[in-house]
Amino acid sequence: ILDLIEQLPEEYQNQPLTNYFDQMVDEVINTKLAAEAGQKSALSGDPKVIAAMRVAAQKVLAENWLRTELAKSVTEKAIEKAYDAYVADTASREEVKASHILLADEKTAIGAIQKLKDGADFAELAREISTGPSGPNGGDLGYFGRGAMVPVFEQAAFALDVGSFTSAPVQSQFGWHVIKLHDKRIAEAPSIEEMSLQLELNISNLSFARLVETLRADAKIQKKSLSDIEAEWQESQESLESSTQ
């Protein structure tokens, strides 16, 4: 029954075991009693039931084999190696501090850029004309990393030199942006303890992909098209109908 509990959805596993233990026990008892009754009935020899049982057995065997093999890859050494690779990849942790002025049309945005070139203060101009929620705060967006903004905005912001602003308006689904870059930095990497669960998941996913790739490379696989399967099913239905007439 403990194996069944481990397969429950997370919302159940987060509850005290006493909340659903009796229900689980009753379900196991009911299933065993019904299975015993099924074995005594004609269903135990039904080709469809036998095929379904074979598929279920294959699934259980496959899941347990994969779990065993994946567990071999999630070692302390592998986690440390993955963490070191993450720490070394500073580009993924690069952050920028930027402000923007959001405007409804390109012409107004071009005019705002000209005002900045003429010496206007970026924050003051943002407070005056920006239509974005950051306008009252001088357009300040704070620090953000890659993936936090829409791609076109991110690309423009990360391409700027510190202290500069975009020489042409940047269009996104929100409107036309004039962006100013204030700072660039590399965010401090979380500790290995903080990242351990994510690292384990990454290692497992990579190992799973490699396992499946190896299995498929060593196997002779023949795929049937959907039309072939539908034709076979139709043929079996017609055969079944004719045998019952």
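Along the sequence shown, residues are numbered consecutively beginning with 1.
- Looking only at distances, no side-chain donor or acceptor of D228 sits under 3.5 Å from a matching main-chain atom of K224.
- Residues L160 and T166 come closest through the heavy atom pair CD2-N, 3.9 Å.
- Here R185 contributes atom CZ and T90 contributes atom OG1; the two are 14.5 Å apart, rounded to the nearest 0.5 Å.
- Nearest heavy-atom pair, V74 versus S204, reported as atom, atom and distance to 0.1 Å: CG2-OG, 3.4 Å.
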**Item:** Residue pair R146, E94: steps toward the salt bridge (charged side-chain N to carboxylate O under 4.0 Å, His left out) verdict
**Value:** CA-CA 7 Å; R146 297 187 185 277; E94 185 179 15; 3.3 Å; yes

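- In this structure, H177 and F153 have perpendicular ring planes: the angle between them is above 60°, well past the 30° mark.
- Donor-acceptor pairing under 3.5 Å is lacking for the side chains of N137 and S134.
- For the residue pair E193 and S196, no side-chain donor N or O sits within less than 3.5 Å of a side-chain acceptor on the partner.
- The number of heavy-atom neighbours closer than 6.0 Å to CD of E27, taken from other residues, nucleotides and ligands shown, is above 12.
- Between D105 and T108 the shortest side-chain heavy-atom distance falls below 4.5 Å.
- For Q198 (side chain) and M195 (main-chain N/O), no donor-acceptor pair under 3.5 Å exists by modelled atom type.
- The side-chain heavy atoms of V25 and I29, taken from C-beta on, include a pair separated by under 4.5 Å.
- Residue-environment remark: CD (Q234) exceeds the threshold of 12 foreign heavy atoms within 6.0 Å.
- Taking each heavy atom of V162 and K184 in turn, the nearest pair found is CG2-N, 4.0 Å.
- In this structure, the separation between CG on D84 and CD1 on I192 is 7.0 Å, given to the nearest 0.5 Å.
- Counting heavy atoms from C-beta outward, I221 and R216 have side chains that approach closer than 4.5 Å.
- Nearest heavy atoms, F144 versus A98: CE2-CB, 3.9 Å.
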**Request:** Give the intermediate values and the outcome of side-chain contact (heavy atoms from CB on, under 4.5 Å) for residues V170 and I179.
**Result:** CA-CA 8 Å; V170 177; I179 308 167; 4.2 Å; yes

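- Atom-to-atom distance recorded for E63:CD and L61:CG is 10.0 Å, nearest 0.5 angstrom.
- The minimum heavy-atom distance between R93 and V87, with the atom names listed, is NH1-O, 3.0 Å.
- V150 is connected to V96 through a chain of hydrophobic side-chain contacts under 4.5 Å among Ile, Leu, Val, Met, Phe, Trp and Tyr, so both are in one cluster.
- D89 places no side-chain N or O within 3.5 Å of a backbone atom of A85 that could act as its donor or acceptor partner.
- Residue D218 holds its CG atom at 10.5 Å from CD of E213, rounded to the nearest 0.5 Å.
- Interatomic distance, R210 CZ to T214 OG1, rounded to the nearest 0.5 Å: 9.5 Å.
- Panel note: side chain T131, backbone L102; a donor-acceptor pair is recorded below 3.5 Å.
- In terms of hydrophobic clustering, with Ile, Leu, Val, Met, Phe, Trp and Tyr side chains grouped at heavy-atom distances under 4.5 Å, Y143 and F158 are assigned to different clusters.
- With no hydrogens or angles considered, no side-chain donor-acceptor pair links S130 and H100 at under 3.5 Å.
- Side-chain contact between S225 and I229 is absent, with no heavy atoms from C-beta onward closer than 4.5 Å.
- Between L181 and K97, every side-chain heavy-atom pair lies at or beyond the 4.5 Å cut-off.
- Shortest non-hydrogen contact noted between F122 and G138 is CD2-O, 4.3 Å.
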**Request:** Please step through side-chain contact (heavy atoms from CB on, under 4.5 Å) for the pair I110 and W176, ending with a clear verdict.
**Result:** CA-CA 9 Å; I110 292 174; W176 295 84; over 6 Å; no

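- Here the side chain of S44 pairs no donor or acceptor atom with the backbone of K40 at under 3.5 angstrom.
- Of the N and O atoms on the side chains of H182 and S99, at least one donor lies less than 3.5 Å from an acceptor on the other residue.
- Of the inter-residue distances, the one linking S167 atom OG with K117 atom NZ reads 6.0 Å to the nearest 0.5 angstrom.
- Around CD of Q222, the count of heavy atoms belonging to other residues, nucleotides or ligands within 6.0 Å does not exceed 12.
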**Request:** Would you check, one step at a time, whether the test side-chain hydrogen bond (donor to acceptor under 3.5 Å, both in side chains) holds for E230 with S227?
**Result:** CA-CA 5 Å; E230 289 175 337; S227 58; over 6 Å; no

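- Counting only heavy atoms from C-beta outward, the side chains of W65 and L211 approach each other to under 4.5 Å.
- Between E80 and K77, no side-chain nitrogen of the basic residue sits less than 4.0 Å from a carboxylate oxygen of the acidic one, so the salt-bridge criterion is not met.
- Looking only at side-chain heavy atoms (C-beta outward), L70 and F208 come within less than 4.5 Å of each other.
- A heavy-atom distance below 4.5 Å is found between the side chains of I79 and I203.
- A donor and an acceptor atom, one from each side chain of D161 and S164, are nowhere located under 3.5 Å apart.
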